[in-house]
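Letters go in sequence order (proteins before strands), and every chain restarts at 1.
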There are 4 protein chains.
Amino acid sequence: MMDDAALMERLDVQAIETPSWAFGNTGTRFKTFAQPGAARTIWEKIEDAAEVHRMTGIAPRIALHIPWDRVDDPGELARFAQARGIGIGAINPNLFQDDDYRLGSLAHPDARIREKASAHLEDCIAIMAATGARDLSLWFADGTNYPGQDDFRARRRRMREGLSGCAARLPADARILIEYKFFEPAFYYTDLADWGAALAHARAIGPKAQVLVDLGHHAQGANIESIVAMLLDEGKLGGFHFNARRYADDDLIVGSTNPLELFLIYAELVAAEVDPQTRTCTRGVSYMIDQSFNIEAKIEGMITSILNCQEAFAKALLIDHAALAAAQADGDVLGANRIVMDAFRTDVRPILAAWRRQRNLPEDPLDAHRGGDYLRAIRRDRGTASAASGYGD
Amino acid sequence: MMDDAALMERLDVQAIETPSWAFGNTGTRFKTFAQPGAARTIWEKIEDAAEVHRMTGIAPRIALHIPWDRVDDPGELARFAQARGIGIGAINPNLFQDDDYRLGSLAHPDARIREKASAHLEDCIAIMAATGARDLSLWFADGTNYPGQDDFRARRRRMREGLSGCAARLPADARILIEYKFFEPAFYYTDLADWGAALAHARAIGPKAQVLVDLGHHAQGANIESIVAMLLDEGKLGGFHFNARRYADDDLIVGSTNPLELFLIYAELVAAEVDPQTRTCTRGVSYMIDQSFNIEAKIEGMITSILNCQEAFAKALLIDHAALAAAQADGDVLGANRIVMDAFRTDVRPILAAWRRQRNLPEDPLDAHRGGDYLRAIRRDRGTASAASGYGD
Amino acid sequence: MMDDAALMERLDVQAIETPSWAFGNTGTRFKTFAQPGAARTIWEKIEDAAEVHRMTGIAPRIALHIPWDRVDDPGELARFAQARGIGIGAINPNLFQDDDYRLGSLAHPDARIREKASAHLEDCIAIMAATGARDLSLWFADGTNYPGQDDFRARRRRMREGLSGCAARLPADARILIEYKFFEPAFYYTDLADWGAALAHARAIGPKAQVLVDLGHHAQGANIESIVAMLLDEGKLGGFHFNARRYADDDLIVGSTNPLELFLIYAELVAAEVDPQTRTCTRGVSYMIDQSFNIEAKIEGMITSILNCQEAFAKALLIDHAALAAAQADGDVLGANRIVMDAFRTDVRPILAAWRRQRNLPEDPLDAHRGGDYLRAIRRDRGTASAASGYGD
Amino acid sequence: MMDDAALMERLDVQAIETPSWAFGNTGTRFKTFAQPGAARTIWEKIEDAAEVHRMTGIAPRIALHIPWDRVDDPGELARFAQARGIGIGAINPNLFQDDDYRLGSLAHPDARIREKASAHLEDCIAIMAATGARDLSLWFADGTNYPGQDDFRARRRRMREGLSGCAARLPADARILIEYKFFEPAFYYTDLADWGAALAHARAIGPKAQVLVDLGHHAQGANIESIVAMLLDEGKLGGFHFNARRYADDDLIVGSTNPLELFLIYAELVAAEVDPQTRTCTRGVSYMIDQSFNIEAKIEGMITSILNCQEAFAKALLIDHAALAAAQADGDVLGANRIVMDAFRTDVRPILAAWRRQRNLPEDPLDAHRGGDYLRAIRRDRGTASAASGYGD
């Protein structure tokens, strides 16, 4: 358990990427509601991401999605962002929105489609170089809808080949993050359905490949915090896509469904930092939001998400690990649980407000944004975009 | 258990509606793949539905979705369909694809939106009159995404008021079918989330309101055949939306995920027909497909769906009910189960082929369509439509 | 939102029943671990329940399970309890642990078994009279494991008949609480599987029948707080069995899996108290724990459970309902959510400690029990019972 | 697709182990119903297993559970079985029914308990030698019920150490089969919760460790046939525990919930046999039943289970793999699906009856058992055992 000063120093290291695609209009398969002031271009999305960082202080990068965010000179995106106080985060290829990908991308039965997909990944690697991005964040819609539609083992081998080829093309200090997802848009079989499937590929490929955990991509009841612990133990946790879900891949505001779960995930990360076997891995973890603000204001939703992460992190830092280890060693089930829950029960809003004051950030970032010039300006200047900018993964 | 002749007579009474929206391009939130030859207008959709009926003999009606299928003179749709050998089925209003419905329709906090929704329902009732439709099939996207977003009881009372008002405007021989859905597009709370919620409204409203069961709208593990039995016992089963699912509302081809389940649902319907308490209710049940053929050929997918229903119905007719009742009364668990499973194990393809031969239908409807003139013509004449026609419920 | 003084008065009205069966050794189907000092008789269970009430001040009754708690003179149980400062809560019949109930109880195909079950219910009504209990809390293990094993509608009608007969035998001021459960011990079909099934019976039977909500008896993803709201709106919420679950009917300590959910349930109850349509119903609600402390100390587990309920109730009382209603009317999704979450975020431990001090209760009930004479005495005097006392529902 | 003669030869190679523990009385946590004639000792269980093999011809081994089946001279069990026409299958240790295992076995925080667990495994290895068993089938109840109760990574490392130590003690031709289970009896965290967790251990330990797939141990919606395919592709599929489930680990008769799923699992195994990369692995796979016949007659239930496996295998052999591969290569979604479904639709009861006639087996094994001398004799001689023999994994 740490004192307030130490806690506030630790809060300084938190950094969470916001996704460009969440600043534009997004929706469900039924409807994308247009919102007044929603960003229409990647330039506006970068502006919005900068606003989120101005309000919160811990959202210093924006992740890009290609081709949605494609521009003639990707380096200009980095300079435009830098001028607004933020950097470029992970590059996210799109291997699902072309008619060619109806039956998959890297796992597609047709070699021509697989090559097209690989070529797109190569493009993205070039954009990484131009923007200074470290992570290539890979989500695949690959899967099948009907028994017999395709051969599981053949698809797995094609996927392995495509991932290996992609990793081989990466520069030495870059990584692919292999994301898994339980289902959707495939509804019978998904090529990378769980952490086990992703880990097997990441191990076979080697140090350039790690696993990405999206909180909404698990089966009902999955204990995500323990998956995080296992991936850390394997040295293979590459990053997170934060969001919340109750049913499917709901992409709600992270922490809104079960704040205890988010706190327990952070608790694993905090604990692994002091373990020599896992410390290195924790330092490389990328924290990214991946959500869809379908009915709520987008920048407000993003600020809320960032603050929920900060709250969970702060509470996790309050866990008395020495006392916890002692209770665990004693087999004191309720005593150990209470130590963890007491950290969760603590109201960290005052300490977070103090941290913001000291860092010259607005004490109440949501209110500051709601009442600020930026929101007024974009509502006035942007109007209401009519089309969706596409969905994230 | 019935002999072949009786079985073939019973097969004649089966009639399943196809949904207009499944003949156009549809997709997931990630992508709608355009298919060559997919219908672009309601007129083409009616043509496709007629083809399905020509091939199968048991798909004599097409359900409409308003406003997707709106035309100046709805009566013309009925005449156009009739000229091609089919009729108009249920009318499906759309209360989810207007920006006004961001926070709901009949349950919306704002009275202005509720009135707009009610006015749309009134429009649909007029279309029912013009087309000769009996059923107004009501699915609502109403719900909330976050705790506190709205008041459950207030929403419930508004929904009740809207449904009652709608039923009151129906002609005497028409019905509203109240559909429930476990989740999506709302991810925290859904106003009509289960059969209990729908039944409570239907009972309060009276004989003009019944419940619609969509096979994909249940929680994991829900025993749908027993829900069917309970609704029949209450006299409140109004109809089905057939499809298959493994995860969420996957809208796959009915029977493709667990053919035993579809058979057991038909078994309940067959059994309820000979029970004086439930016979009347079974006769009013509407059978409708509601699916989304995202990656497979649409008319082929529809034919397959209709044939899967026919297979399940034929097998259900083979159950030896006298022997089953005796085994149940004896508490012979495995004996009773075996009687049901033996009907399921029976290969009914030969008898169904014979039934088709006798009715001058193609013995193999799927092959007949694949090799037939109709498919060749639409591929040639229609081209590839670029836009989605919208999603069903 | 209320001030501290008003809050503390409201906390006085909370009263939660503890179940006798949780004080004895219980387990999973794999193993019942014997715990030193676990209660061996109903008398010891009453002593333990009194200890929980001494420590917490809000657990003034113990629910009984018949025949596990059967004694020659049930009135003596009431007097024994009263002498220790507590009363007798609900009576829980057992219709699942006799070999005769292999295929069900009230829904059994054999009339002889149904009559035996009804006779047991009559016995329990007599015990209600003798002990002053108001509620007959009915959980049924009735269901089937295999398709075809029994007839759904026939079972439903038998269940209706049995429930009606039982209600008819109740004195005027007593109630049956009809509990539903999604599955287990039946794994194909459960006769009372959800709130809709229970509500249909309760409505048909009339004012003596209400529905009991056990938090662990729902499908994955079910929104329990909205079910609570609907049952209140129907005037049919009779009571709760509190516990927590992540997978099945896990019977963990209430609030341990998702404390936000428990808080939201209390929020519905608090809100319904000020609605004239639902106020009466809220006042009759019975709050009961139903858990199984398989690996943790039992009395400690019970105290923790009671405190978790108190914490959730206190936080629910902090919701600013006027501000919430305004945000909801405005369609301010995130504003409304934040009002609710801010109440949840509040650390109510200080105010609860103050409340306890003022009521002469131990400030830290768990520590007080752990360090107190009672625990020392039962460990010394009771030894380790070897057998399970049976499982709750 | 094979002709009947080839099919019948392939049917000869099928061999499924029956578990000793399913022949005794078993139940849920609520009740174990005593059945007249249920086996009371390991000798009687072997007699019952021999009856199942006499009736079906494909159940030539019985798996043992230690200590339930412990006798002074384990070699005598093998000789007793051999005299009745069957052999000894896998040895199943019990690391969950001793009070010491309250907080786990190999993952327990206390080294003393871990050593006790390892010593029990060593005992079981000795029994393997004495009975000629090849597989040590390892299921662990290890896990936690509450957040914070124990440290995930520490538990994982202890589990790894215990498994490695066990594998090291095995003779060269023997294997440990590492079973995973999504939940139960632990309800917050399970040490081996999914195939990914088991595979990571099996890979680290090496060729003596393989993964065991129990059909009831997955999250809702998991695609088990694809997990089978991945484990085959990794060369790590060691065996199956067959059963069926709808909700949790229901342990129903295999194939009773979704016969299509069982068929698709067999389809993967049949397909992998002709792939040079996976052929060796398929040949080592152990097929075992693991069920609990709570309400149905036990030997009948076991015969039904064996026959359901045979039916699924026979249908899988009917798949036209050449046509399927062609349809898959063409991207013909519905064509490929239909090829698989047509095999499933085939009624294989006649060919299986013919196979039995030719092998001098009863054409209808269930009827033969029901009407035979064996059943009559055990009902007469054994009476009704009152206690459960314990639960399987």
query: Which one of C:Ala197, C:Pro147, C:Ala222, C:Pro109 has the most heavy-atom pairs closer than 4.5 Å to chain B?
result: C:Pro147
query: Between CG of C:Asn223 and OH of B:Tyr188, what distance do you get to the nearest 0.5 Å?
result: 4.5 Å
query: Non-hydrogen atoms of chain B under 4.5 Å away: do they reach the side chain of C:Thr278, the backbone, both or neither?
result: side chain
- prompt: Which residue out of B:Tyr146, B:Phe183, B:Trp195 racks up the most heavy-atom pairs below 4.5 Å with chain C?
  reply: B:Trp195
field: Interatomic distance, B:Leu264 atom CG to C:Tyr189 atom OH [nearest 0.5 angstrom]
entry: 14.0 Å
field: Test side chain to side chain contact (heavy atoms under 4.5 Å, CB included) applied to B:Val333 and C:Asn145, C:Asp150, C:Leu103, the passing residue
entry: C:Leu103
message: Looking only at heavy atoms and a cut-off of under 4.5 Å, which of B:Ala327, B:Ala272, B:Ala198, B:Ala154 has the most pairs with chain C?
response: B:Ala272
- prompt: Is it true that a side-chain atom of C:Gln220 and a backbone atom of B:Ala219 form a donor plus acceptor pair closer than 3.5 Å?
  reply: no
- prompt: For chain C, which of B:Gln149, B:Arg155, B:Arg157 has the most heavy-atom pairs under 4.5 Å?
  reply: B:Arg157
- prompt: Contact part of C:Phe344 toward chain B, heavy-atom cut-off under 4.5 Å: side chain, backbone, both or neither?
  reply: neither
message: For chain C, which candidate among B:Ala193, B:Ser226, B:Ala271, B:Ala329 shows the most heavy-atom pairs at distances under 4.5 Å?
response: B:Ser226
task: May I ask you to list the residues in residues 335-343 of chain C that approach chain B closer than 4.5 angstrom, counting heavy atoms only, ordered by number?
output: C:Ala336, C:Asn337, C:Val340
field: Residue selection (most heavy-atom pairs with chain B, distance under 4.5 Å) from C:Leu199, C:Asp194, C:Asp332, C:Leu324
entry: C:Asp194
- request: Only pairs at least two apart or in different chains count here, so list each salt bridge (Lys or Arg N to Asp or Glu O under 4.0 Å) that has a residue in residues 197-206 of chain B.
  value: B:Arg203-B:Glu234
- request: Measure the CZ-CD1 distance between B:Phe152 and C:Ile227 for me, rounded to the nearest 0.5 Å.
  value: 10.5 Å
- request: Count the heavy-atom pairs under 4.5 Å between each of B:Asp275, B:Thr144, B:Leu334, B:Leu260 and chain C, then report the option with the highest count.
  value: B:Asp275
query: So, C:Arg153 versus B:Gln277: side-chain donor-acceptor pair below 3.5 Å or not?
result: no
task: State plainly whether the residues C:Asp233 and B:Arg156 are in salt-bridge range, i.e. N to O under 4.0 Å.
output: yes
